[in-house]
Amino acid sequence: MPVTLVTGAGGEIGHTLVPRLAKQGQAVVALDLNPLPPDTASHCHAQLVGDITDEAIWKGISDRYDVVAIYHLAALLSTTSEKHPALAHRVNVGGTLNVLTFAQSQATARGERVRVLFPSTIAIYGLPDATTKATFARIKEHQWLQPTTMYGCNKLYCEHLGKYMTRHAAAKGVDFRCVRLPGLISAETLPSGGTSDFGPEMLHAAAQGKPYECFVREDTRIPFMVMPDAVDSILRLMATDASKLTLTAYNIGAFNPSAGEFADLVRSAFPGAMITFKPNPMRQAICDGWPADVDDAPARADFGHAPAYDLPRAFNDYLVPAVRSRYGLSSASVTR
Ligand code: SER
């Protein structure tokens, strides 16, 4: 039976992506280190618990399924990768090589290309100082590809690996596509181990009436987007004919408040929010090297990236009402 494989399906992106794939009629086989949350599992045709670095798991999948598309979401994020660099390399690079090798073998067996979606990141950029960050305020795909973190190095290398497999493997092979994701904010889930986590953490803490100590300075500015828009762009990219795609890896973005501006929006929605700023040097340095915003013109032109939520809409129409409902608050004090 033809199936769509989603690695790391139990994570934040999987939580929104898997139901969308199921709604399109795709039979999703989920692979994750841990059993899936029930609300993700209920949308899957099957779930496999296993490690992407374990070659035996890939043999098991090819014995049982015809995999026609892969969404390779499994990864360690930037802060965790700085703390465990060898593990990050093993999972983020070794795991991706296994995914690509598997995709190639599936393509060869059936004589048709297998589309592979790889979520890359703004962490593949590395700006050396604040002046350069201000000068390259909306970074283009080819600029400053000098990552400063293990995570950024892993992801940039894997972009190249995917491109290599697409161009140089047998004629019918891997069809590899990337979006370079900004910080993602979901009302339904919280990230773990990333460095853009301060945005969603601030919001979810305020909705729960908990104090939040932000680990970057108030003037820290990086791009963000809400999870439904990120998943929408991922699906648009995967649905686009290869002949229309001019790049392997596309920037996508939506808005880019500073941490202080983000805190102000949280405070206006949750007037009791207790937000303080105490920069963590390692995490601050990571954000300082990331661009303030991305130029996503190629994604808009090639596959119709068009985020529905700008910053006011993201707060007023999605994040605030949805986190209020998640934590059982009335919708009375949503500000406009
Ligand atoms: N959200 C990721 C992180 O913070 C960046 O892509 O690691």
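Treat the numbers as computed from the prediction; the structure is a model and nothing was measured. Both ligands and their constituent atoms are indexed starting at 1 by order of listing.
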Engineer: For ligand 1, output the ligand-protein N/O contacts shorter than 3.5 angstrom; if there are none, return none.
Structural biologist:
{"unit_1": "ligand 1", "atom_1": "1 (N)", "unit_2": "S196", "atom_2": "OG", "d": "2.9"}
{"unit_1": "ligand 1", "atom_1": "4 (O)", "unit_2": "S78", "atom_2": "OG", "d": "3.4"}
{"unit_1": "ligand 1", "atom_1": "4 (O)", "unit_2": "T195", "atom_2": "N", "d": "2.5"}
{"unit_1": "ligand 1", "atom_1": "4 (O)", "unit_2": "S196", "atom_2": "N", "d": "3.0"}
{"unit_1": "ligand 1", "atom_1": "4 (O)", "unit_2": "S196", "atom_2": "OG", "d": "3.3"}
{"unit_1": "ligand 1", "atom_1": "6 (O)", "unit_2": "T121", "atom_2": "OG1", "d": "2.7"}
{"unit_1": "ligand 1", "atom_1": "7 (O)", "unit_2": "S78", "atom_2": "N", "d": "3.0"}
{"unit_1": "ligand 1", "atom_1": "7 (O)", "unit_2": "S78", "atom_2": "OG", "d": "2.5"}

Engineer: Do we get R236 above F303's six-membered ring, with its NZ or CZ under 6.0 Å from the centre and within 45° of the axis?
Structural biologist: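 No cation-pi geometry.
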
Engineer: So does D241 pair up with K244, basic N to acidic O under 4.0 Å?
Structural biologist: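 Looking at D241 and K244, the cut-off is not met.
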
Engineer: Give a yes or no on this: more than 12 heavy atoms of other residues, nucleotides or ligands lie within 6.0 Å of atom CD of E188.
Structural biologist: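 Count over threshold, so yes.
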
Engineer: Checking R221 against D293 for the salt bridge (charged side-chain N to carboxylate O under 4.0 Å, His left out) test, could you report, in this order, the C-alpha distance in whole Å, the side-chain angles of both residues, the deciding distance, and whether it holds?
Structural biologist: CA-CA 8 Å; R221 191 180 296 279; D293 202 359; over 6 Å; no

Engineer: Is it the case that K59 places NZ or CZ above or below the six-membered ring of F102, under 6.0 angstrom from the centre and within 45 degrees of the axis?
Structural biologist: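 No, K59 and F102 do not form such a contact.
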
Engineer: Identify each donor-acceptor pair in which a side-chain atom of residues 24-39 lies under 3.5 Å from a protein atom, sequence neighbours left out, and give them as a table.
Structural biologist:
{"unit_1": "Q24", "atom_1": "OE1", "unit_2": "Q26", "atom_2": "NE2", "d": "2.7"}
{"unit_1": "Q26", "atom_1": "OE1", "unit_2": "T4", "atom_2": "OG1", "d": "2.5"}
{"unit_1": "D32", "atom_1": "OD1", "unit_2": "N34", "atom_2": "N", "d": "3.1"}
{"unit_1": "D32", "atom_1": "OD2", "unit_2": "A9", "atom_2": "N", "d": "3.3"}
{"unit_1": "D32", "atom_1": "OD2", "unit_2": "G10", "atom_2": "N", "d": "2.8"}
{"unit_1": "D39", "atom_1": "OD2", "unit_2": "H15", "atom_2": "NE2", "d": "2.9"}

